[in-house]
Amino acid sequence: ATTTQHDAIPATIVRGRRPGSEALVARGAMPQRRRPEDAGEDDGDEEHPSRHARMLEAIAACGLTDGVRTAGVGTERGIMKDLKSVSVPEAFDAAFRSAERYVEEWFQSFQQDPARGVITIGGERYILVRAASMSVHFAEHIRSMYPGLEETESIGVVNQLLFDIAHSIGENDARNFHEKTGLADPIEKMSTGPIHFAWSGWAFVEILPESSPSPDSDFILVYDHPQSFESDSWLATGAKTKHCVCHMNAGYSSGWCSQSFGRQLVAREILCRARGDAHCRFVMADPSRIEDHCERYLAQFAPSVGGA
């Protein structure tokens, strides 16, 4: 596949569409974004008690409750009233509030045993990798492997590879987490992704109100990744790039959401701090619509979200 811009992930990335529950996702634009500091004491909690109970049972089955605070079922409101690890529009507040608790309990099971060379979370093996090694240095190494390519072509090869690797990781991480916790609703599945993302050290996630996650080709998610590990790694070098660099961020997030919604989704970074923009901003959509959505969004919002 070819790209039309240095920072573009081709819309021709096509993987098999998976069957999934799509009718549960409400259509329409989201209301004003809800930030963590906006939550009030009178906010309602729409959490479903029986679903919460099943989640806690699944977490316990994975051995995740030792020394971990466990919430009451349908009785304790506002245990994590203020969202700490994600920023979302008000329409998603209840789902993300529950997800934040589930993911926190999951990661509280972190165990490190240097004597055996083992790190586990939820009974699964994990590894720690230095951020710059998976971004700046990895990208430079891949480019060095194709000395005959023009700069634009080599950037396209690297961007595509980084995206594909992370997309696969995101899909499989989502599948594993959803299976172990018994989540079935697409919005609930999606809501654990940004929080899992933050706990894993990839980036904080801020979902913007322009988003409309409809269960069809009109799906669009617009979001920022403050503290993206890729942008931070590039900025630490002291050099400003000419193109967006957060392709693993785009790949992982779209992989997680593809698994959550049971349909193929791709994401593209349209603004990037590493090249001097004020934000690392992404658009996620159906592969057939990603180009149009990105162009339309930049035409409408670029004057107010441009680079520094």
Run the side-chain contact (heavy atoms from CB on, under 4.5 Å) test on K84 and E100 for me, step by step, so that the C-alpha distance in whole Å, both residues' side-chain angles and the decisive distance to 0.1 Å come before the verdict.
CA-CA 8 Å; K84 297 182 297 184; E100 193 166 51; 3.7 Å; yes
Taking side chain to side chain donor-acceptor pair (under 3.5 Å) as the definition, give me every residue that meets it alongside T241, ordered by chain and number, with sequence neighbours left out.
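Here no residue qualifies.
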Partner residues of T192 under the side chain to side chain donor-acceptor pair (under 3.5 Å) criterion, sequence neighbours left out:
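With neighbours one apart ignored, the set is empty.
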Do the non-hydrogen side-chain atoms of [X] and [Y] ever get within less than 4.5 Å of each other?
X: S135; Y: M248; answer: no
X: Q259; Y: F177; answer: no
X: W202; Y: Q227; answer: no
X: E188; Y: S98; answer: no
X: P186; Y: S260; answer: no
X: E206; Y: L208; answer: yes
X: K189; Y: F261; answer: no
X: R281; Y: E269; answer: no

Minimum heavy-atom separation for [X] and [Y], please, with both atom names.
X: F96; Y: I195; answer: O-CD1, 3.6 Å
X: G201; Y: F229; answer: O-CB, 4.0 Å
X: S231; Y: C246; answer: OG-SG, 3.2 Å
X: S211; Y: V222; answer: OG-N, 2.9 Å
X: I270; Y: R275; answer: O-NH2, 3.0 Å
X: L265; Y: S258; answer: N-OG, 3.0 Å

W256 ring center near H196 ring center (under 6.0 Å):
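Close enough - the centres of the two rings lie under 6.0 Å apart.
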Quick one: do [X] and [Y] end up in the same hydrophobic cluster if we chain Ile, Leu, Val, Met, Phe, Trp and Tyr together by side-chain heavy atoms under 4.5 Å apart?
X: V266; Y: L298; answer: yes
X: I169; Y: V103; answer: yes
X: M134; Y: L161; answer: yes

Rounded distance [0.5 Å steps], [atom1] in [X] versus [atom2] in [Y]:
X: D164; Y: N159; atom1: CG; atom2: CG; result: 11.0 Å
X: E230; Y: F138; atom1: CD; atom2: CZ; result: 11.0 Å
X: Q160; Y: I155; atom1: CD; atom2: CD1; result: 14.0 Å
X: C244; Y: N249; atom1: SG; atom2: CG; result: 11.5 Å
X: C280; Y: D232; atom1: SG; atom2: CG; result: 8.0 Å
X: M190; Y: S253; atom1: CE; atom2: OG; result: 11.5 Å

Check the pair R289 / D286 against salt bridge (Lys or Arg N to Asp or Glu O under 4.0 Å), numbers first and verdict last.
CA-CA 5 Å; R289 303 291 301 281; D286 184 276; over 6 Å; no
Does anything in residues 138-150 pair up under salt bridge (Lys or Arg N to Asp or Glu O under 4.0 Å), and if so which pairs, sequence neighbours excluded?
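Residue pairs passing salt bridge (Lys or Arg N to Asp or Glu O under 4.0 Å), neighbours aside: none found.
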Could R263 and D216 be called an ion pair, given the rule that one side-chain N must be under 4.0 Å from one carboxylate O?
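D216 and R263: not salt-bridged.
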For [Y], is there any backbone N or O sitting under 3.5 Å from a side-chain donor or acceptor partner on [X]?
X: N176; Y: N172; value: no
X: S154; Y: E151; value: yes
X: D277; Y: L271; value: no
X: H141; Y: H137; value: no
X: S233; Y: V136; value: no

ring-ring contact (aromatic ring centres under 6.0 Å, His included) involving W234 - partner list, sequence neighbours excluded
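Testing W234 for ring-ring contact (aromatic ring centres under 6.0 Å, His included), a comparison that skips the adjacent residues, returns none.
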Before you tell me yes or no, could you show the steps for S85 and F197 under side-chain contact (heavy atoms from CB on, under 4.5 Å), namely the whole-Å CA-CA distance, both residues' side-chain angles and the distance that decides it to 0.1 Å?
CA-CA 9 Å; S85 53; F197 205 72; over 6 Å; no
Check against side chain to side chain donor-acceptor pair (under 3.5 Å), H293 and R268:
CA-CA 10 Å; H293 281 311; R268 177 176 303 168; over 6 Å; no
Applying the side-chain contact (heavy atoms from CB on, under 4.5 Å) criterion to I220, which one of V283, I290, D292 satisfies it?
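Only match with I220 under side-chain contact (heavy atoms from CB on, under 4.5 Å): V283.
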Derivation of the side-chain contact (heavy atoms from CB on, under 4.5 Å) call for S200 and F107
CA-CA 9 Å; S200 300; F107 276 91; 3.6 Å; yes
Assess whether atom CZ of F110 is packed by more than 12 heavy atoms of other residues, nucleotides or ligands within 6.0 Å.
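Yes, the 6.0 Å shell around CZ holds more than 12 heavy atoms from other groups.
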By salt bridge (Lys or Arg N to Asp or Glu O under 4.0 Å), which residues pair with D173, not counting sequence neighbours?
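Testing D173 for salt bridge (Lys or Arg N to Asp or Glu O under 4.0 Å), a comparison that skips the adjacent residues, returns none.
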Table please: side-chain donor-acceptor pairs of residues 118-127 below 3.5 Å, with sequence neighbours left out.
{"unit_1": "E124", "atom_1": "OE2", "unit_2": "K180", "atom_2": "NZ", "d": "3.0"}
{"unit_1": "R125", "atom_1": "NH2", "unit_2": "G117", "atom_2": "O", "d": "3.4"}

Derivation of the side-chain contact (heavy atoms from CB on, under 4.5 Å) call for E171 and Y252:
CA-CA 7 Å; E171 282 187 309; Y252 190 100; over 6 Å; no
Parallel, tilted or perpendicular for H225 and F282, by the 30°/60° rule?
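Answer is tilted, since the angle falls between 30° and 60°.
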